[in-house]
Each structure stands twice: as structure tokens, then as C-alpha cells.
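Reminder, nothing fancy here: chain letters follow the sequence lines and each chain counts from 1.
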Number of protein chains: 2
Amino acid sequence: MDVYQALASPVRREILAMLRDGPKSAGELADAFDLSKPTLSGHFAVLREAGLVASEREGAKVIYHLNLSVAEEALTGLMDVLRIGRPSGKPKGETP
Amino acid sequence: MDVYQALASPVRREILAMLRDGPKSAGELADAFDLSKPTLSGHFAVLREAGLVASEREGAKVIYHLNLSVAEEALTGLMDVLRIGRPSGKPKGETP
DNA sequence: TCGGAAGTTAGGAAATTTCCAAAATAAAGC
DNA sequence: GCTTTATTTTGGAAATTTCCTAACTTCCGA
């Protein structure tokens with residue numbers, strides 16, 4: 001699943017929004033939704049495949065955290081498509 | 001179809017990219033893809049429903065053009081989710 | 001070592017998306 | 001009016017997405 005597809009689901013965008021404030025465990029994230037844990041686990045997998053989040057095992061828990069650089073790249077790609085301003089950050093091989 | 005879902009398809013993103021350079025007719029756009037015209041017409045409908053493009057009849061042709069303000073709003077929404085910089089433009093009820 | 005807590009995997013149903021060919025609509029020109 | 005050009009609508013097949021329950025794995029503490 002590519003990054004734009006990953007961003008298309010409201011549930012996954014909400015997960016990302018929750019991770020803005022710092023890493024959270026799978027269960028902590030899952031509790032915020034009215035969906036089963038396997039369903040959420042699936043959404044985590046999509047975000048991980050897209051590179052938008054990374055996970056680490058910490059004891060019995062699995063901690064997810066945002067991967068800002070990939071997220072920023074996706075946004076930059078969309079901005080290029082629409083030719084509107086870039087997010088603050090390094091430009092990428094373009095003559096300004 | 002919502003705006004993020006509309007942006008999830010590579011075909012539709014390419015259509016938007018083509019429209020950056022100015023309005024184009026349905027046929028002109030369709031010719032750029034290796035897909036049938038009805039398929040492209042479907043993609044146009046999705047983009048129109050999402051508000052990302054608008055269309056006007058001009059004689060026998062239908063001209064599509066980008067709706068930058070809606071596109072910008074979508075981008076801003078994603079930036080809020082990820083808490084990274086905004087595209088240049090008016091802020092939206094936020095204390096800077 | 002056994003039991004519980006935290007997550008993921010497996011299997012499958014329902015809904016949505018993506019695409020096409022055929023038919024229908026719209027406008028222009030003869 | 002009839003034909004041609006431009007585009008959309010219809011109907012349907014194949015693929016993908018979203019969600020669930022049940023079963024499994026992993027880790028920790030008693």
C-alpha cells in the first residue's frame with residue numbers, strides 16, 4: 001500500500017494525529033477507536049508498510065511512532081502535483 | 001468520495017498535475033492515459049465530487065480546471081494531522 | 001511453569017474501487 | 001434532419017479495502 005493510499009483512510013489519519021504528540025502503544029491507540037484490535041492492527045500494518053510509522057517492541061507492548069520524514073515527503077509530493085508552497089524544509093533538487 | 005480518497009489514485013494525481021498548466025478538455029486529458037475514455041470520465045467525476053476540479057461546457061467539449069482553494073485546504077488538513085509547516089496562505093482560525 | 005495481558009495472523013463477508021464495452025446524450029456542421 | 005465528434009451513463013467483472021471473530025504468539029509476573 002502506497003503512502004497516499006495510506007493517508008486516504010480517516011482512521012489512519014487519526015492514528016497519525018495521535019502520534020504527533022509522541023509514541024503510543026498499539027493498545028493505547030486501539031482504545032481510541034470503536035473498532036476491533038485486529039482491525040486496528042491492520043491499519044498499523046498499512047502505515048508501517050507505507051513508512052509513515054515505525055514500531056518497536058517494548059516488553060509486552062509494541063510502541064508506534066511517527067516517521068516525519070516520510071510523511072513530509074508525501075506532502076511535498078502532493079504540493080508538487082498542485083504546485084503550491086512547500087512545507088518548511090530542504091528543497092529537493094529544484095532550482096528556486 | 002472525499003478529497004483524500006480522490007488524491008489517493010495515481011491517475012487522478014496525474015490529471016491534477018496536468019491541470020496545473022491550465023484548463024484542458026476531457027479528451028485532451030484522456031489522451032494522456034492508456035485507459036478508456038469512460039474510465040477517465042469516472043476519474044473526472046471523482047475529482048469533481050471532491051471539489052478538486054470544476055468543469056464547463058465549451059461547445060462540444062468539456063473543459064476541466066483545477067480548484068486550487070480546495071486542493072490547498074486538503075493539503076492544509078494533512079499538514080495539521082502531521083503538524084508540519086503550512087502551505088503559503090491564510091491561516092485558518094489559529095493563534096500564530 | 002502456568003495464566004493473563006498485549007498484539008498479530010488467518011479466514012472470510014460486505015462494501016468499494018477500478019476498469020471496460022456498449023449505449024445514450026450533446027453540440028456542431030453539412 | 002442526419003452524421004460526426006466529444007463526453008457521459010449504464011451494467012457488470014475483477015481486484016482491493018475494511019471490518020469481524022477465532023486462533024495464535026509473545027512476554028511478564030505469580
Side-chain angles (χ1 to χ4, degrees), chain A residues 1-19 21-67 70 74 78 81, chain B residues 1-19 21-67 70 74 78 81:
Chain A
M1 177 100 69
D2 96 305
V3 64
Y4 298 111
Q5 196 72 29
L7 288 169
S9 148
V11 171
R12 290 193 291 267
R13 286 197 304 277
E14 178 67 24
I15 292 168
L16 295 175
M18 290 179 73
L19 292 176
D21 302 327
K24 300 218 176 342
S25 73
E28 206 170 349
L29 290 166
D31 287 349
F33 297 88
D34 213 22
L35 295 169
S36 73
K37 277 177 184 175
T39 293
L40 265 293
S41 190
H43 283 299
F44 300 151
V46 169
L47 290 169
R48 207 182 320 110
E49 274 171 53
L52 286 165
V53 305
S55 60
E56 299 143 12
R57 182 127 222 154
E58 200 160 288
K61 302 188 174 182
V62 174
I63 308 295
Y64 284 94
H65 57 86
L66 207 51
N67 188 341
V70 170
L78 280 182
V81 163
Chain B
M1 178 98 70
D2 95 305
V3 64
Y4 298 111
Q5 194 72 29
L7 288 169
S9 150
V11 171
R12 290 192 291 265
R13 286 196 305 276
E14 178 66 25
I15 292 169
L16 295 175
M18 290 180 72
L19 291 177
D21 301 328
K24 298 218 179 341
S25 73
E28 206 172 349
L29 290 165
D31 287 349
F33 297 88
D34 214 22
L35 295 168
S36 72
K37 277 176 184 176
T39 293
L40 265 293
S41 189
H43 284 300
F44 300 151
V46 170
L47 290 170
R48 209 182 321 112
E49 273 171 54
L52 285 164
V53 305
S55 61
E56 299 143 11
R57 185 126 221 156
E58 199 159 287
K61 303 187 171 180
V62 173
I63 308 296
Y64 284 92
H65 58 86
L66 206 51
N67 187 343
V70 170
L78 280 182
V81 163

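The phosphate of D/dT8 has OP1 or OP2 within less than 4.0 Å of a side-chain N or O from B/Tyr64. Contact between the side-chain N/O atoms of B/Ser25 and the OP1/OP2 oxygens of D/dT7 is found at a separation under 4.0 Å. Taking side-chain N and O atoms only, B/Thr39 has no distance below 4.0 Å to OP1 or OP2 of C/dT18. Under 4.0 angstrom from either OP1 or OP2 of C/dC19 there lies at least one side-chain N or O belonging to B/His43.
When the C1' atom of C/dA26 is taken as reference, atom CD of B/Glu56 falls 17 Å away, rounded to whole Å. Counting to the nearest Å, the P atom of D/dT25 and the CZ atom of A/Arg57 are 13 Å from each other. Atom NZ in B/Lys61 sits about 19 Å away from atom P in D/dT4, given to the nearest Å. When rounded to the nearest whole Å, the span between CD1 of A/Ile15 and P of C/dG7 equals 13 Å. Nucleotide C/dA6 holds its P atom 12 Å from the CD1 atom of A/Ile63, rounded to whole Å. Atom OH of A/Tyr4 is separated from atom P of C/dT18 by 16 Å (rounded to the nearest Å). Put simply, CD on A/Glu58 is 19 Å from P on D/dT26, counting in whole angstrom units. The distance between atom CG of A/Leu40 and atom P of C/dT9, rounded to the nearest whole Å, is 14 Å.
One finds the CG atom of A/Asp31 at 6.0 Å from the NZ atom of A/Lys37 (value rounded to the nearest 0.5 Å). Put simply, CG on B/Leu7 and CG on B/Leu47 are 8.0 Å apart, with the number rounded to the nearest 0.5 Å.
Inter-residue side-chain proximity for A/Arg13 and A/Met18 is flagged as unmet; no heavy-atom pair is nearer than 4.5 Å. Inter-residue side-chain proximity for B/Phe33 and B/His43 is flagged as unmet; no heavy-atom pair is nearer than 4.5 Å.
Mapping A/Gln5 and B/Arg48 onto DNA chain D by nearest heavy atom places B/Arg48 closer to the 5' end of the strand. Between A/Val46 and A/Gly59, the residue anchored closer to the 5' end of DNA chain D is A/Val46, taking for each the nucleotide with the nearest heavy atom. Each of A/Ala45 and A/Ala60 was matched to the nucleotide of DNA chain C holding its nearest heavy atom; the match closer to the 5' end belongs to A/Ala60.
Backbone-only contact: A/Leu35 has heavy atoms under 4.0 Å from sugar-phosphate atoms and none from a base. Within 4.0 Å of B/Phe33, counting heavy atoms only, lies no atom of the nucleic acid at all.
Taking the side chain of B/Ser41 as heavy atoms from C-beta on, and the options D/dT18, D/dT8, C/dT8, the nearest nucleotide is D/dT8. In the set C/dT8, C/dC20, D/dT17, the nucleotide with an atom closest to the side chain of A/Met1 is D/dT17.
Between A/Ala6 and A/Met1, the shortest heavy-atom contact is N-CG, 4.0 Å.
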